[in-house]
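Residue numbers start at 1 and run along the sequence shown.
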Amino acid sequence: MLFRSDWLAALGEQAQAPPPDQPTPKAPEVDATQKPPPSFKLAVKEIALEQFALKFTDLAGGPPATAQLNGLHLQTVLDAQMKDGALTAALDSITLGTGPLAYTAGAMNARIASVSAQTALRLQSQSQAMNADLGAITLKAGDITYNNAGESARVAGVNAQASLKLQTQADAVSADLGAVTVNAGETSYSGGGYTARIAGIAAQTTARAEAKANQLTATLDNTRLTVQKTGAQWPGAGGAANLTLDGVTTQANVRVAGPKVTVANAQAALNNAAVSQNGQTPIQFTQLGVANVQVDTAARAVTADRAFLQGVQTKAVIDDQGVLDLLALAPASPATPDTAPAKPAQPTTGAPWKVTLKSAEIARGEARIEHKPLGIAVTAQAIEARAGVITSDLKQPLQFKAGFSLKEGGSFSAQGSAHPGQGTVDANLEVAQLPLALTQPLLARQVKLKLTSGTVSAQGRLTTGANSTNGALKFLGG
């Protein structure tokens, strides 16, 4: 350890002796019950702590745990003064650096290659009030690794920047972190047959907080999270399944007032995703997202203006046994069933949450459907659909409109309303220029008739449930 300092201390002025030919002046009377406020000056040119190592082993219960730090360096310059009970201090060029940090407990081990931090401090304190300004704070961490019984994770470094202005009074504390940014390098995970890799993560916000009268209020404005190119793999029922994603973007404004949390103007989007298996890509889309989400924990309500799916393309095959091939993408069942007893359901407290989606949309969709038992294969393209308002209690009917054209010819459209809670549908349907040849596999099962040309068009009204006679499915039209 290294400690060097220059002292400039003034604990009172030294009294000068009077000349011999003059009488000694009478000292003023001093109230012995009153103590002058402490005063001092202190200047330290350098404080440095180097070559520090720490090893700690916990043997009390559980597997032996060991924490180890190899190398620690701390350096700063201190200038402090106290006068009339008021303290001012400045710590310039505070730098902190460490060597590797490691922790092990049984089969688990975690390691951080290095940690470094830089900042500066200005402090003013008097009576029950204090102001502290840390200015620009920079924090960096090297590679972070974690391993435990077949699971492993790695983050290729983390960088964070912020500033901190802290004010304390007798009954209140406020903190302003200014603009906060956090960036993480490549992040990966593997375990249990699952793997995931993220090229990078970036987060930023503007944060403020205040605690007064035992209540915390805080704001996180313009909070943004960006997840860069992502890949994942899992053991699907039909073989290894893969997901690729160009990125995820989110943003929101968050308010905290005691137990109440509100989220405003939240947005989220997944961009350019594809799911593949056995060399095929049955699902892909350009963008999936939600816009203008509002959350209020006090009212137990979530509302969103819009949910959307754009540029979706899907391929589905129903095999000769009537099984949909997309089910093979689902994670494979574990080799051994879970025999643990089921946990009893926990009783819910308070009113149920209400979720309201004002609009749901599908745009520029395409679907290839093959039904092998019937011998039918068609491609629906230019799929457009819109529905709203949708509520979680299913008490409100929703209006919908949908349409598509077939690559083989013809088009279909529907417009009407549905009541999910009652299971009813009331819609106007229209089929235009549908080639009769598409129905040939169905006709061949019933009659010896072959259609080579011709089209059919029809329009009518479809009603189900309470809107139809005797609650049955009913179609009127021609």
Side-chain angles (χ1 to χ4, degrees), residues 137 160-167 172-184 198 200-228 230 245-273 285-310 348-363 385-396 398-400 420:
I137 304 171
Q161 291 183 332
S163 61
L164 174 60
K165 292 182 179 180
L166 182 67
Q167 294 182 333
V173 178
S174 63
D176 186 347
L177 275 75
V180 181
T181 61
V182 180
N183 295 281
I198 300 173
I201 301 173
Q204 64 184 65
T205 189
T206 301
R208 298 178 182 83
E210 181 179 8
K212 188 174 183 179
N214 296 324
Q215 178 166 303
L216 172 68
T217 59
T219 60
L220 299 173
D221 289 328
N222 299 317
T223 303
R224 298 174 182 269
L225 174 66
T226 301
V227 178
Q228 298 175 9
T230 300
L245 188 66
D246 274 359
V248 180
T249 57
T250 66
Q251 67 180 62
N253 296 322
V254 182
R255 299 285 186 275
V256 178
K260 179 181 178 180
V261 179
T262 58
V263 179
N265 303 320
Q267 323 280 335
L270 284 70
N271 303 305
N272 295 323
F285 58 80
T286 303
Q287 193 173 59
L288 171 65
V290 62
N292 197 19
V293 180
Q294 319 286 332
V295 181
D296 188 336
T297 59
R300 302 176 72 88
V302 179
T303 62
D305 280 359
R306 176 173 172 254
F308 55 91
L309 175 60
Q310 297 178 348
T348 58
T349 59
W353 280 76
K354 183 176 181 179
V355 180
T356 302
L357 177 60
K358 296 180 181 179
S359 173
E361 305 171 14
I362 297 176
R386 181 184 178 95
V389 175
I390 305 171
T391 58
S392 57
D393 58 13
L394 304 180
K395 293 181 179 180
Q396 183 172 340
L398 62 90
Q399 306 296 317
F400 68 87

Atom [atom1] of [X] and atom [atom2] of [Y]: how far apart are they, to the nearest 0.5 Å?
X: Q161; Y: Q204; atom1: CD; atom2: CD; answer: 11.5 Å
X: D176; Y: E210; atom1: CG; atom2: CD; answer: 11.5 Å
X: L177; Y: I137; atom1: CG; atom2: CD1; answer: 7.0 Å
X: L220; Y: N253; atom1: CG; atom2: CG; answer: 9.0 Å
X: N272; Y: L288; atom1: CG; atom2: CG; answer: 12.0 Å

Taking C-beta and beyond as the side chain, do [X] and [Y] meet within less than 4.5 Å on heavy atoms?
X: V261; Y: V254; value: yes
X: R208; Y: T217; value: no
X: E361; Y: S359; value: yes
X: I362; Y: F285; value: no
X: R255; Y: D221; value: yes
X: V293; Y: T303; value: no
X: K354; Y: D393; value: yes

For this session: Answer yes or no: is there a donor N or O on one side and an acceptor on the other, between the side chain of T230 and the main chain of Q228, under 3.5 Å?
Result: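 Here the side-chain-to-backbone pair exists.
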Exercise. For Q287, does its backbone N or O pair with a side-chain atom of N271 as donor and acceptor, under 3.5 Å?
Worked result: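 Checking the backbone N and O of Q287 against the side chain of N271, no donor-acceptor pair under 3.5 Å is found.
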Nearest atoms (heavy-atom pairs only) where [X] meets [Y]:
X: L398; Y: P420; value: CD2-CG, 4.0 Å
X: A266; Y: A252; value: CB-CB, 3.8 Å
X: T297; Y: W353; value: CA-CH2, 3.7 Å
X: L357; Y: A307; value: CD1-N, 3.7 Å

When [X] is tested against each of [options] for side-chain contact (heavy atoms from CB on, under 4.5 Å), which residue passes?
X: V227; options: T250, L245, D246, V248; value: V248
X: K358; options: T391, I390, D305; value: D305
X: I201; options: T226, L225, V182; value: L225

For this session: Test Q294 against N292 for side-chain hydrogen bond (donor to acceptor under 3.5 Å, both in side chains), laying out the working first.
Result: CA-CA 7 Å; Q294 319 286 332; N292 197 19; 2.5 Å; yes
